[in-house]
**Q** 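Shown below is the structure under consideration.
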Protein chains: 2
Amino acid sequence: MSGNGHKLLTAEREQRIMQLLHDSDVVTVSAISEALGMSEATVRRDLQAMHERGLLERVHGGAAVKQESSPEPLFSDKEEQFSTEKQRIAAAALSLIHDHDTIFLDGGSTVLMLARMLDSLKALTIVTNSLMAAAQLMESPHRLILTGGEFRAISRTLVGPLSSPILKNIVVDKAFMGTMGFTTTDGMSTTDANEAYTKTRVMERARQVILLADRSKLGCSSFVTCGPDWHLDVLVTDAIDPKTRQELEERDIRVIVAGKNATAKANAGTARADQ
Amino acid sequence: MSGNGHKLLTAEREQRIMQLLHDSDVVTVSAISEALGMSEATVRRDLQAMHERGLLERVHGGAAVKQESSPEPLFSDKEEQFSTEKQRIAAAALSLIHDHDTIFLDGGSTVLMLARMLDSLKALTIVTNSLMAAAQLMESPHRLILTGGEFRAISRTLVGPLSSPILKNIVVDKAFMGTMGFTTTDGMSTTDANEAYTKTRVMERARQVILLADRSKLGCSSFVTCGPDWHLDVLVTDAIDPKTRQELEERDIRVIVAGKNATAKANAGTARADQ
DNA sequence: GTGGAGATGATTGAATTTGATTGAATATAA
DNA sequence: TTATATTCAATCAAATTCAATCATCTCCAC
């Protein structure tokens, strides 16, 4: 049997409860109580505590696994998705940068990948609001400037009105932006108003705005747009349908498709990725 | 076996505790006490010490393995030099903070140690120019704001004129400062002009300025001072000579000495004073 | 030997956790 | 719909665990 005489610590119990939940997506309070040899009152308290920490979903009579309702996947997860495509996009964007440029790096995993490639260039001035990018560039010889602002945990970026004053003081040659969604009508959009605000301020201070967005972003619209009169100079993506491409080029937006043959080295991508 | 007559050294015990933890992710205080043949009081002391060094997680009734909550490797936490003096200073400074305070955290290892202790407080607004502190506070529930500025690699802080505009927009209740040196004539001093500049701007925007400086800093003067009309409200240190102390107190600067047994008293004192 | 610093174990009151109980809220059946 | 059976959250007392204090002990320098 499971109930081995000795008392269980809270941490231990939570571990067991998560295991029970993992085995069958739903468990009842009484089942947990019996399995762990503890009163139902304690089980309910544990479940509530775990629910408050977002570990599980509470349902009448028991608990259920937390379904991924998060509108924005965690940073680490995003980095796994589309890594090959994002790498190609970042590589294509890299060729737009020259020595001695002043560039801005936005948040997002694609831009972060670009940040990792900057060692090959010399004497850049890099402005960023992404702590991940900053962490990546800490040891680099380039000049690194962070915008201030309120820290947004989910994207690990500095956003909001407090980022505005510092952005007013600088001008960058090229701003490399990430986004949650992009449409030809609304431009970039994201899930957080503060983040959209900062993106807008950045783009106002950039001579050239370059968007790095894989195909999953194109045609999608998220919660907040970056304002009605959006502006974009270059879109770097991995695939785009001809209609959208034409629309963009009519607006004088250069489209760079970093496809498989564009980098030539990365061949034989999984066929299912072409979905 | 376990209880081999001779007494165990602290280091030896910690090794055994880590082994127990490694075997089963959770162990009780009583289990450790029994396994190592020592009183539960000593076990608790060991566990606390190890917890403070980040070796394990303390839970009611025992200890649990430290789960790596953040998927990202933190900035670079290599210089994890644990110093008892700095720990005491930070603990004494902690008792100056209350729930809902707005505080500033400067760079430096002592202030960083304070940042690690902020979990015990609620609903803080934390402004900082230290990327180490920011990394430490990334997962905390507090509101976190970073000043912008140029990244200075050696101190991992954001400094220089670009940090000024954002600082003009905020006011903090208490600013916890670090320093390279401090004298009663020149105040704080550091090695970098940009860093001194930012320190000065911060102190202008703080209702109360609190300096955390161990005794090695007192009486030392570094390259750049933070300006002729420096201002300080509280100095927290681990030891100070009477003459300096008197000079400071004549200037209405409160001196807190976090001696060996002062930590407990300081905490207990505030706990009651908070009533 | 003397004295001080540090470590240990016992003790104490405070804080936390637990299980039982209660009435209210919710789900199920008729 | 109403009636019945579960489940829930709040409360309380008992048990456990905690942190702080104190007396003792060891070790080391003087």
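These numbers come from a predicted model, not from an experiment. Proteins come first, then strands; the chains are lettered A, B, ... in the order of their sequence lines, and each starts at number 1.
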**Q** Take atom CG of A/L8 and atom C1' of C/dT18, then tell me their distance rounded to the nearest Å.
**A**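 Atom-to-atom, A/L8 to C/dT18, this comes out as 13 Å.
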**Q** Based on the rotation axes of five pairs at each end, what angle does the helix from C/dG1-D/dC30 to C/dA30-D/dT1 bend through, to 10°?
**A** 30°
**Q** Sort and list the pairs that fulfil salt bridge (charged side-chain N to carboxylate O under 4.0 Å, His left out) and have at least one residue in residues 91-102 of chain B, not counting sequence neighbours.
**A**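 The answer is B/D101-B/K174.
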**Q** Whole Å only: how far is the CG atom of B/L47 from the C1' atom of D/dA20?
**A** 17 Å
**Q** A/Q48 CD to D/dT7 P: how many Å, rounded?
**A**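 It is 17 Å, rounded to the nearest whole Å.
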**Q** Rounded to whole Å, how long is the line connecting atom CZ of A/R58 with atom P of C/dA25?
**A** 17 Å
**Q** Output a table of nitrogen or oxygen pairs between the protein and nucleotides 28-30 of chain C separated by less than 3.5 Å.
**A**
none

**Q** Please list, chain by chain and in numerical order, all residues satisfying salt bridge (Lys or Arg N to Asp or Glu O under 4.0 Å) with A/R45, sequence neighbours excluded.
**A**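 Counting only residues at least two positions away or on another chain, A/R45 forms no salt bridge (Lys or Arg N to Asp or Glu O under 4.0 Å).
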**Q** Do the side-chain N and O atoms of B/E52 and B/Q48 include a donor-acceptor pair separated by under 3.5 angstrom?
**A** yes
**Q** Taking CZ from B/R44 and P from D/dA19, how many angstroms apart are they, rounded to a whole number?
**A** 7 Å
**Q** Rounded to the nearest Å, what distance is computed from the CG atom of residue B/L36 to the C1' atom of nucleotide C/dT8?
**A** 14 Å
**Q** With sequence neighbours excluded, tell me which residues meet side-chain hydrogen bond (donor to acceptor under 3.5 Å, both in side chains) with B/T183.
**A**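 Result, side-chain hydrogen bond (donor to acceptor under 3.5 Å, both in side chains) vs B/T183: B/T185.
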**Q** Using the salt bridge (Lys or Arg N to Asp or Glu O under 4.0 Å) criterion, which residues pair with B/R152? Sequence neighbours excluded.
**A**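 Listed in chain order: B/D192, B/E195.
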**Q** For B/Q208, check side-chain hydrogen bond (donor to acceptor under 3.5 Å, both in side chains) against everything at least two apart and list the hits.
**A** none
**Q** With the criterion being N/O to N/O and under 3.5 Å, what pairs connect the protein with nucleotides 12-16 of chain C, and how long is each?
**A**
none

**Q** With sequence neighbours excluded, what pairs up with B/E40 under the side-chain hydrogen bond (donor to acceptor under 3.5 Å, both in side chains) test?
**A** B/R44
**Q** Between P on C/dT8 and CD1 on B/I32, what's the gap in Å once rounded to a whole number?
**A** 14 Å
**Q** Please list, chain by chain and in numerical order, all residues satisfying side-chain hydrogen bond (donor to acceptor under 3.5 Å, both in side chains) with B/T179, sequence neighbours excluded.
**A**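 side-chain hydrogen bond (donor to acceptor under 3.5 Å, both in side chains) list for B/T179, sorted by chain: empty.
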**Q** Would you find more than 12 non-hydrogen atoms of other residues, nucleotides or ligands less than 6.0 Å from A/R58 atom CZ?
**A** yes
**Q** Would you please say whether a donor-acceptor pair under 3.5 Å links the side chains of B/T128 and B/S130?
**A** no
**Q** Distances for protein N/O vs nucleotides 19-21 of chain C N/O pairs under 3.5 angstrom?
**A**
from: C/dG19; atom 1: OP2; to: A/S39; atom 2: N; distance (Å): 3.4
from: C/dG19; atom 1: OP2; to: A/S39; atom 2: OG; distance (Å): 3.2
from: C/dG19; atom 1: OP2; to: A/T42; atom 2: OG1; distance (Å): 2.5
from: C/dG19; atom 1: N7; to: A/R45; atom 2: NH2; distance (Å): 2.5
from: C/dG19; atom 1: O6; to: A/R45; atom 2: NH1; distance (Å): 3.3

**Q** Inspect the contact between B/E139 and A/R156 and indicate whether a charged nitrogen and a carboxylate oxygen are less than 4.0 angstrom apart.
**A** yes
**Q** Nearest whole Å is fine: how far is C/dT8 P from B/E12 CD?
**A** 12 Å
**Q** Taking salt bridge (Lys or Arg N to Asp or Glu O under 4.0 Å) as the test, write out the residues that go with A/D46, two or more places apart.
**A** A/R13
**Q** In terms of side-chain geometry, is the basic nitrogen of B/R16 or B/E12 positioned less than 4.0 Å from the acidic oxygen of its partner?
**A**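 Salt bridge: no.
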